[in-house]
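When a ligand or atom number is given, it counts from 1 through the structure's own listing order.
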Amino acid sequence: MGISVGIIMGSQSDWPTLRKAAELLDELGVAYESKIVSAHRTPDRLWDYGRSAASRGLQVIIAGAGGAAHLPGMMASKTRIPVLGVPIETKSLGGLDSLYSIVQMPRGFPVGTMAIGAAGAANAGLMAAGILALHDAALAARLDAWRDALSASIPEEPVDD
Ligand code: RP5
């Protein structure tokens, strides 16, 4: 099967966060690509990526950006493929700037916005897998097993440090 998930990010500096999505997809056996696509620094690359995403067979796009985080929203404007936005945690404003830049899309062009930072990236990977699992029974079984294993790893009682 071809690549079904595109992980895109505004900068190399976003990769340590977006890698959390990639790691989840690796664990679940989902094929993905990862690319640097900046709304501000490489707008033509963004345009080309959005224009060709559906015809290339992508089914979900995970887009992470920080600060003036326009990448997820602009990508949602260029393709009907579901876009999951990951707000990158920033030094100056803790990622609230990224969150606000991504979450308030106008009616008609939605972005499924995740939590700020690593947890949001990991959840984007899981949600992408969940979307693909709707039409992939083997992946659905792997995702169910992953979720069961996480639940089983949680102790019933706390322990002292
Ligand atoms: C955004 O600017 C990127 O998504 C990144 O989070 C932020 C800072 O980029 P660098 O200056 O680290 O390349 O476009």
Any idea which protein heavy atom is nearest atom 2 (O) of ligand 1, and the distance to it? Gly66 O, 3.7 Å
Within a strict 4.5 Å, meaning less than it, do heavy atoms of the Ile102 and Val86 side chains meet? no
Whether the side chain of Ser98 engages the backbone of Ile88 through a donor-acceptor N/O pair (distance < 3.5 Å, no angle test) should be reported. yes
Value rounded to 0.5 Å, distance of CZ in Arg51 from CG in Leu46: 10.5 Å
Of the protein's non-hydrogen atoms, which lies at the shortest distance from atom 8 (C) of ligand 1, and what is that distance? Ser13 OG, 4.1 Å
With a cut-off of 6.0 Å (strictly less than), are more than 12 heavy atoms of other residues, nucleotides or ligands near CZ of Arg147? no
Working to the nearest 0.5 Å, report the span between CG of Asp136 and CZ of Arg142. 6.5 Å
Take every heavy atom of Arg41, measure it against each atom of ligand 1, and state whether any distance is under 4.0 Å. yes
Show me which atoms of ligand 1 lie under 4.0 Å from any heavy atom of Ala65. 4 (O)
So is there a nitrogen or oxygen of Ser38 less than 3.5 Å from a nitrogen or oxygen in ligand 1? no
Any nitrogen or oxygen of Ser11 lying under 3.5 Å from a nitrogen or oxygen in ligand 1? Just yes or no. yes
Considering heavy atoms of the protein only, find what lies nearest to atom 4 (O) of ligand 1 and give residue, atom and distance to 0.1 Å. Asp14 OD2, 2.6 Å
Sub-3.5 Å donor-acceptor pair from the side chain of Asp48 to the main-chain atoms of Arg45, do we have one? no
